[in-house]
Amino acid sequence: RQILIGHGAFIELLVMALAEQGMRSEARLWPQGELPAQLREWDDRPVARIRLFPGGTPDPLFAQVLRRHTPKVDFDTAKPVAASVLERLLEGAVGSTLHAGGTVDPARVQPLRDLCWAAAKTELLTPRTVMESMRLTRVGPDEILAHRDGISINSIVPRVAAAFGLLDRSQPPAEGSTAYSEMMRRFDGHCRSAMGFAWLATPGNGRTAQVEAGRAYVRMQLRATELGVGMHPMSQALQEFSEMAPHHALAHRLLIGAGAPRTTQEETVQMFCRIGYPQEAVRATPRRPLGQFLQA
């Protein structure tokens, strides 16, 4: 699901970039048929075929593409997000078949903060899931620039710990260790400082719906950039592994008033993001060179 949401974001940005160059494009999903529900049955069939035509119309949101940064920082808890700003933010997903929702109501925000923190702890304290992140954690400028992917950490405490060999990324952080404390502190701050939430839900959970969710999400984040609002996915509660099941069910009850989907035909929350105002400028995440992605 998350892989295909990423594909959808890429497709939407590609369509916008082509339009900026005067090319109209048509994205046909699954030209060789939709990928099956079971991941073990996936093959290398294309997700989309893009056809190009002359005469594209530039999209106003394209101006935000290079300004769009995901704020993996604590938000300013003294600066609320106005309901009118949230309304304009949600308009960024208009035109899709998805449902975009959100709240800045403190009475709804606090239970969602609690959900984020409980789900984050479940991911961080489940060895096989935290190791997915540990293997992709890049600490310090040298590692960040060498890999240009994964989770970039450049704060002083992890860098010192890594320099002295105190940051072992071959196993889950031990409780009481520097890595454990830093990991918990970071996620706790993200959850506690959320000043509102925005989410996207689809009528079903097929592979096409997941791609469309990605297209809508990136437009919503571009609108957030235009509005000067930080938007940061907190998708732990939407993950489908067994230990997350109680949080997965609660997320659906709190966000769309429905039980956890049991089939691909039921309404499914695809994206769940905290919103707020960063306390300082958010740096761009390093990107890998285009040549690593493009085959011609």
Residues passing the side-chain contact (heavy atoms from CB on, under 4.5 Å) test with A213, sequence neighbours excluded, are I5, L98, T202, Q270
Please confirm whether the backbone N or O of P36 pairs with a side-chain atom of W42, one donor and one acceptor, at under 3.5 Å? yes
Using residues 15-33 as the side-chain source, report each donor-acceptor pair under 3.5 Å to any protein atom, sequence neighbours left out, with the distance given to one decimal.
residue, atom, partner, partner atom, Å
W30, NE1, T208, OG1, 3.1

Donor-acceptor pair, H252 side chain versus V269 backbone, under 3.5 Å? yes
Take atom NE2 of H69 as the centre, draw a 6.0 Å sphere, and report whether it contains more than 12 heavy atoms from other residues, nucleotides or ligands. yes
Would you call E226 and R223 a salt bridge, taking side-chain N to carboxylate O under 4.0 Å as the test? yes
Under 4.5 Å between side-chain heavy atoms, hopping through other hydrophobics if needed: is there a path connecting V85 to W199? no
Which residues share a side-chain contact (heavy atoms from CB on, under 4.5 Å) with D44, sequence neighbours left out: none
Audit row: Q236, M244, side-chain contact (heavy atoms from CB on, under 4.5 Å) steps and yes/no: CA-CA 8 Å; Q236 288 82 9; M244 194 63 73; 4.2 Å; yes
Rounded to the nearest 0.5 Å, what separation is found between the OH atom of Y180 and the CD atom of E175? 4.0 Å
So for atom CZ, which belongs to R49, do other residues, nucleotides or ligands contribute more than 12 heavy atoms lying within a distance under 6.0 Å? no
Just by distance, do the side chain of T263 and the backbone of P261 share a donor-acceptor pair under 3.5 Å? no
Residue pair R274 / A194: nearest heavy atoms and the distance that separates them: CB-CB, 3.7 Å
I3 reachable from V47 in the ILVMFWY side-chain graph, under 4.5 Å edges: yes
State the CG-CZ distance between L115 and R113, to the nearest 0.5 angstrom. 13.0 Å
With a cut-off of 6.0 Å (strictly less than), are more than 12 heavy atoms of other residues, nucleotides or ligands near CG of L145? yes
Output all residues satisfying salt bridge (Lys or Arg N to Asp or Glu O under 4.0 Å) with E240, sequence neighbours left out; order by chain, then residue number. R1
Pairs in or reaching into residues 71-80: which pass salt bridge (charged side-chain N to carboxylate O under 4.0 Å, His left out), with residues at least two apart or in two chains? none
Between the side chains of T103 and D105, is a donor N or O closer than 3.5 angstrom to an acceptor N or O? no
Enumerate, atom names and distances included, each donor-acceptor pair closer than 3.5 Å involving a side-chain atom of residues 55-68, sequence neighbours excluded.
residue, atom, partner, partner atom, Å
D59, OD1, L61, N, 2.9
D59, OD2, R219, NH1, 2.7
D59, OD2, R219, NH2, 3.1
Q64, OE1, R67, NH1, 2.3
R68, NH1, Q221, OE1, 2.8

Got a second to check how far L200's CG is from R215's CZ, nearest 0.5 Å? 14.0 Å
With sequence neighbours left out, write down each residue that passes salt bridge (Lys or Arg N to Asp or Glu O under 4.0 Å) with E143, or none if nothing qualifies. R169
Check salt bridge (Lys or Arg N to Asp or Glu O under 4.0 Å) between E123 and all other residues, then give those that pass, not counting sequence neighbours. none
Hey, could you give me each pair passing salt bridge (charged side-chain N to carboxylate O under 4.0 Å, His left out) that has a residue in residues 181-199? Not counting sequence neighbours. E182-R185, D188-R192
Using distance only, find each side-chain donor-acceptor pair of residues 277-296 under 3.5 Å and give its atom names and separation, not counting sequence neighbours.
none

Nearest 0.5 Å, please: how far is CG in L35 from NE2 in H7? 8.5 Å
Say whether, by atom type as modelled, one donor and one acceptor occur between the side chain of E266 and the main chain of R262 under 3.5 angstrom. yes
Taking only residues two or more places apart in sequence or in another chain, which ones pass salt bridge (Lys or Arg N to Asp or Glu O under 4.0 Å) with D114? none
By the salt bridge (charged side-chain N to carboxylate O under 4.0 Å, His left out) test, which pairs, at least two apart or in different chains, include something from residues 243-257? R128-E243
If you count every heavy atom of other residues, nucleotides or ligands that lies below 6.0 Å from E41 atom CD, does the total exceed 12? yes
